[in-house]
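For reference, the structure is listed below as C-alpha cells.
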Amino acid sequence: MRTLSLKVNGDTVQAAAPSHWTLLEVLRYKLGLTGSKQGCDKGDCGACTVLVDGRPVLACLTLAGAVEEREVTTIEGLMPLHVKSGGDGPDPVQAAFDRCGALQCGFCQPGMMLSARALLNKNPCPTRAEIREALSGNLCRCTGYTQIFEAVELAVAESIGVAPAPRSWEAQRMDPSEAQAAAKRAAAHLAERRKQEGRE
Amino acid sequence: MGARDQHGPGAPWGDAQPGAKDNQAFQVVGKPHRKVDGLAKATGAAVYADDIVLPGMLHAKTLRSPHAHALIKKIDATRALALPGVHAVITGQDMPIKYGVIPWTPDENALALEKVRFIGDEVAAVAAIDEDTANAALKLIEVEYEVLHAYFDPKEALVRHEPSIHEDKKHNKGNISKHVELSFGDVEAAAKTADLVVEDDYSFHGTTHTPIEPHCAVAQYSADGVLTVWSSTQITHYVHRALARVLELQPARIRVVQPCLGGAFGGKSDPFSLEFCVAKLAMITRRPIKMLWTREEVFYAHRGRHPMQLHYKTSATKDGRVTGVDAKILIDGGSYSSFGLVTTYYAGQLLTGPYDFPSYRFDSTRVFTNKPPCGPKRGHGSVQPRFAFEVQLDQIAEKLGMDPIEIRRKNFQGEHTQTVNGQRITSNGFMRCLDEVERASGWRARRGKLPHGRGLGVAGSMYISGTNYPVYPNKMPQAGIQLKVDRSGLVTVFTGGNDIGQGSNSVVCYIVAEELGIPVENVRVVAADTDLCPVDLGAYSSRVTFMVGNATIDAARKLRALITAAVAEHWGIDTRRVRMIEGTVIDVEDVAKSMSSVEAFHIAEEKHDTLGSTGSYNTPTLGGDYRGGTIGASPAYSFTAHVVEVDVDTETGRITIDKVWVAHDCGRALNPMLVAGQMEGSAYMGAAEALLEHHDINRFGLHQGPSLLDYRIPTSVDAPEFAALIVESLDPEGPYGAKEAGEGPLHPVLPAISNAVFDAVGVRLKHLPFTPARVLAALREQKSASVAKTTAKGRA
C-alpha cells in the first residue's frame, strides 16, 4: 500500500492503493471515477482508455504509480474542461456522439470518445481512414462503427463550419443529384482545410 | 376486455391525431432525435452494474470445473473458509432447485449439484472482502471429481446415449435435447415433378455475443427480508421469477433492477449463475455482494449462436419458382437447454418468408455436448438456416442462368398472406428492399462484370417482431406501461422494457411526446425495475419497439383522452376539436383558444383527480394449428435484403468486404438514425461471424481463445462500409406502423458474402467461417477440376 499523488481532470488528488494496482483500479475503486470501463482487463477492448498528457492510454495496463505527476483526463473530465476553456456544455466530441446515435449501449464509448478527442487535438481535420486508424484500439460491439465515424466527422465539420456529408439514410430521402452534390461539397471543404493545414 | 386481441384487426394507431398520416404530420416520430440517455452515456455519468458500490459490500468469485464431464464426489471448503477475509462459501447443495429460462426444460443449477457438464461450469462461489481474497479462497476449495466420457461431436451425441449428459429421461432421449419434425405440403412430390433439384450441405461454426460489458450482478438483502438484485440482464422479469424459484422466496420479497446495460445481443437473456450466487451470499452474510465476471468467464457463460450442420434440398421449376424445400439440421446445443427448445423450432419455422414455396419439411435435432451452453444470439435460430438456403437459392439461379435478384423477386410471397407453415404475414416491403440494394449498389451495371477477384452478392431474409409465445403460459399482457403526470408538466413513463442500448427507452419517450404534444425533454423514463414498473417480458425476439411501443400508445391515448375531455369541457367545445401539439393545447377550429400543456394538465387534474394512465399490449391469437405452430408466430415480420461487394485475394485467400448495402423494411422508422444504427450494427455482427469470429472448443473441451483478441471481434479498421437504406411498409398493427430493426438486418450478410465470392472467383463457400485457408482450398479444388476437365477434353 502506498499513497499516490495523481493529477486527474485538473485536480491533484491523493489515493492510498496497493502498489500493483492499475490506473483503472485506482480511478474506479479509489476515486469513484467509474466512467472508465473495464471490458477485458487485459488491454484488448480499449473501454478503459484515458488520456495521459493528452495521449490515449489503456488504464487497465498502466500501473497507477507510473502516471504520478502526469495529467490524467477521464471521460468525467471532458465536459468540465471544455466549460473551463470557455465552451458551453459537453465537449463537441461528446455532443456529436450523442447527436449521431453513436452511443448505443455506451460501454465502449468513454474510451472511444477520449481516443477521438486525442485524435482531433493533434489532427483537427482527419480523413475517414485516419479516424479508423486512431480508433482501432477501441472495440465497439453495437454500432458497426459507422455512426462513430459519422460523429467524429460531425465534430470536425462543425468545428470548421461546414455541413457534413448526408448519411446513407438521409441521402436515400434526398434527390440523388442533390445528395451527391452535398457529399461533394463537404468533401471539397474538408480537402481545402487539409490543404491549408499542410501549408501552415 | 381481455388483453389478447384487444386491438382487433384494425390498426391500433389508426385513430392517430388528425392529419398524422405521414412523417411530415408527426411532431416527434420519424425524426432523428437524440436518445434519452445519450448524454449520460457520453459524459460517463451512466451507471452500469459494476459501477454500483454499496456500503460494506463484499466481492464474490466463482470456482469453475476443469473437466468437461465429471461427477462431483466431494467438495471441501474448510480451508477456504478459514482464510482471513472470507465470509462465505456456497456450493450446489445451497441451491439445489433447478431452473431454466424455458419452463419445460429446467436443467440448470446455480452451482453444479452432482455433476459438471463443461469446462467452466460453476461449482462453488466465495464471498470475501475483496476480489483478490476471493480468488485466493477459490484455490483452497478441494473438489474431487470422477471424470466421465465427454461429448464434443454432436454426431456422436446423436447416437451414443450413455453416459447421458442430463439424467432427466422424461424430457431427453439419450443426449437429444429436442427434436422437431414438421411437414407442410408434399415435398416428395415437389422433388419428383421439379425441373431442377439442388441438394447440398452447409455448416455454421458457432459464435458468441461478446458485449463489451461483462456480466455483473449486485445483491442486497435488507433487514426486513427484501432481496434486491441489480443485474446486467436483458430480461428482468425472468430473472425475478427464477430467483423466487431457486431461492424459495416469495416473488413479492424480491426486486430486480437492470441498471444501464453495456450490450447484450441475446447473451444476457438467461438467468445466470452469478445472479443466484450474489443473492444467496447476501442472504447468508447479510452484506451486499457484487460479482463481476472476467472476460474469460463471459466466454464460458456463452449462450452464443448454435453450431449447425445443415442439409438442404430445394426443388424448382425451370423459370425459377421454388416448389419445395426439404431440410435436415443437426444442432450442437452445448451442455444445457437454455432457449434450445425454441432454437430447434426457429431453425425451421422462420425460413418461410420472404419467399413463397408450396411444400416444406424440416427435421431439426438439438443435441447436448460437453461445451459451453448455446442459446439465443441476435437472429436466434434462423441465421444458420437462412445462410444455407440463400446460398442454395443462388446455386439454383446459377444453374438456371437467372439473375440472383430476379430469382428472389420471382419467389416473393407478397403481403397480407400466409406462409406454408401457417404464419400470418401482414406488411411486407421485401420487393422494395431488393429494389433499393439493386439501385444503390449499381447491381445491373456491375454484377458479373467486375474484374476477377471482385464480386457482388445478394441475399434476403425475414424476422419476427416479437413472438406471441410468452415463454411461460399466461394470458396477461406481454407489455405494460404506466404514465404519471407531474404538475410541472413532466410526464414520467414506467416501463418494464429493457433498454440494452438499442434505445427502447428513447422510443417510449418519443411516443409519449408525440401523443401528448409535449417536448421530448418533458418525458422521463423509468425502466426495468420490478418494484416500480409494470411487467414487460424483456428485450428478446425483437419485441420491444412493437409491443412496448403499442402499449405506450395505448397508455398515452388514454391519458390524452382525459386531458382533452377536461379542456373541451373548460372551453365548452366538442372534444374532437381539442388537439395537443408542441407543448400547447389548441382548438383546431378557433386559433384564439390555446393554452400550455401544463395548464391543460392542471385543468385535467382538477376534473379527474390525480392524473395517470396504464396501457398494455398483447399479441392477437396467431400461429399454425399444430404442435409448435405458435413458435415463430409474430404479429409482424421484418424483411431485409443485402448486397455485399467483396474483394478476394486469390493468393492469400483473404476476403475483404468493401461495402454492404443494407435495405431493411422496419415498417416505419420511429427514429431513422436509431434504425440505421441497428441495421449497421446487425450487418457488422453478421459479417464478423462470416469472416473473423471463431468460438472453438478443442478436443479436451477447452475454449480455444476466451479473449476478445483471440476470438477476433472486428476493430474500426476491419469493419466494412455500410449503407443503411430504410424501407417503410407501414405495418397495420405496429406502433405507427413500425416493426423490428435489431435482428433481421443481420441475416442476409453471411450468405450474401458467399454469393459475392462466387461472383468474384467462381467458388461456392458453404461452410462458415470463410477463413483464408477455406477460400484457398476452394480455389485449389476449382483449379484441379478445371485442369481435369481440360485434360479430359484433350484426351477426347
Side-chain angles (χ1 to χ4, degrees), chain A residues 28-29 32-45 47 74-76 78-79 89-91 93-95 97-110 113 129 131-149 167-173, chain B residues 32 34-35 37-48 50-51 53 209-214 260-265 292 294-295 436 440 500-503 669 671-677 680-685 687 707-709 713-719 721-726:
Chain A
R28 286 184 61 83
Y29 307 142
L33 294 169
T34 53
S36 304
K37 300 303 181 197
Q38 177 182 318
C40 66
D41 213 23
K42 58 193 288 190
D44 292 350
C45 73
T74 72
I75 194 66
E76 290 92 344
L78 273 194
M79 181 162 69
D91 184 282
V93 168
Q94 292 173 312
F97 271 61
D98 174 44
R99 283 166 50 204
C100 288
L103 297 140
Q104 286 194 25
C105 86
F107 199 81
C108 70
Q109 302 292 17
M113 286 182 283
I131 297 170
R132 279 182 185 266
E133 188 66 35
L135 302 183
S136 61
N138 297 85
L139 297 176
C140 170
R141 195 57 167 163
C142 293
T143 60
Y145 300 101
T146 304
Q147 292 187 330
I148 292 170
F149 302 150
R167 295 166 277 189
S168 56
W169 50 273
E170 289 173 316
Q172 192 195 0
R173 289 154 189 229
Chain B
R34 302 178 38 242
K35 290 175 72 179
D37 52 4
L39 282 174
K41 286 174 173 173
T43 54
V47 175
Y48 297 75
D50 186 37
D51 301 338
V53 177
H209 321 76
T210 68
I212 306 297
E213 178 203 34
C260 199
L261 193 80
F265 316 109
L292 167 69
T294 63
R295 176 54 58 184
E436 281 296 290
I500 60 175
Q502 85 282 45
N671 177 332
M673 185 171 75
L674 300 193
V675 168
E680 291 155 4
S682 289
Y684 142 90
M685 191 171 270
S707 75
L708 296 173
L709 212 56
I713 80 172
T715 69
S716 52
V717 291
D718 303 314
E721 190 185 332
F722 298 102
L725 306 164
I726 298 171

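Lettering follows sequence order; numbering is per chain, from 1.
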For A:Q38, which atoms come within 4.5 Å of any heavy atom of chain B: side chain, backbone, both, or neither? both

Heavy-atom contact with chain A under 4.5 Å, split by part of B:M673: both

Flag the one option from B:D37, B:V717, B:T43 with the top tally of heavy-atom pairs under 4.5 Å to chain A. B:T43

Does any backbone or side-chain atom of B:A46 lie under 4.5 Å from a heavy atom of chain A? Answer side chain, backbone, both or neither. backbone

With respect to chain A, which residue among B:G681, B:A683, B:A723 yields the maximal number of heavy-atom pairs within a distance under 4.5 Å? B:G681

Which one, A:L139, A:T74, A:I148, A:L135, leads in non-hydrogen pairs under 4.5 Å with chain B? A:L139

Is the side chain of B:K41 donor-acceptor paired with the backbone N or O of A:D98 at a distance under 3.5 Å, no angle test? no

Is any side-chain heavy atom of A:Q104 closer than 4.5 Å to one of A:C140? no

Select one option (side chain, backbone, both, neither) describing which atoms of B:L708 are under 4.5 Å from chain A's heavy atoms. both

Check whether B:I500 gets within reach of chain A through its side chain, its backbone, both or neither, counting any heavy atom under 4.5 Å. backbone

Is the backbone N or O of B:S716 less than 3.5 Å from a side-chain atom of A:R132, with the two atoms forming a donor-acceptor pair by type? yes

With a 4.5 Å cut-off on side-chain heavy atoms, are A:N138 and B:I212 touching? no

For B:I726, does its backbone N or O pair with a side-chain atom of A:Q172 as donor and acceptor, under 3.5 Å? yes

Which of the residues A:K42, A:M113, A:E76 is involved in the greatest number of heavy-atom pairs with chain B at under 4.5 angstrom? A:M113

By a 4.5 Å heavy-atom criterion (distance strictly below it), what part of A:Y145 contacts chain B: side chain, backbone, both, or neither? side chain

Determine yes or no for a side-chain-to-main-chain donor-acceptor pair under 3.5 angstrom, with A:Q94 supplying the side chain and B:A42 the backbone. yes

So which part of A:E133 gets closer than 4.5 Å to some heavy atom of chain B, the side chain, the backbone, both or neither? both

Contacting region of A:L78 [heavy-atom separation from chain B under 4.5 Å]: neither

Just so I know, are the side chains of A:Q109 and A:K37 near enough to count as touching, which here means a heavy-atom distance under 4.5 Å? no

Is the side chain of A:R28 donor-acceptor paired with the backbone N or O of B:D50 at a distance under 3.5 Å, no angle test? yes

Between B:T294 and chain A, which part of the residue has a heavy atom less than 4.5 Å away: side chain, backbone, both or neither? neither

Under the 3.5 angstrom rule, does the side chain of B:Y684 hit a backbone N or O of A:T143 as a donor-acceptor pair? no

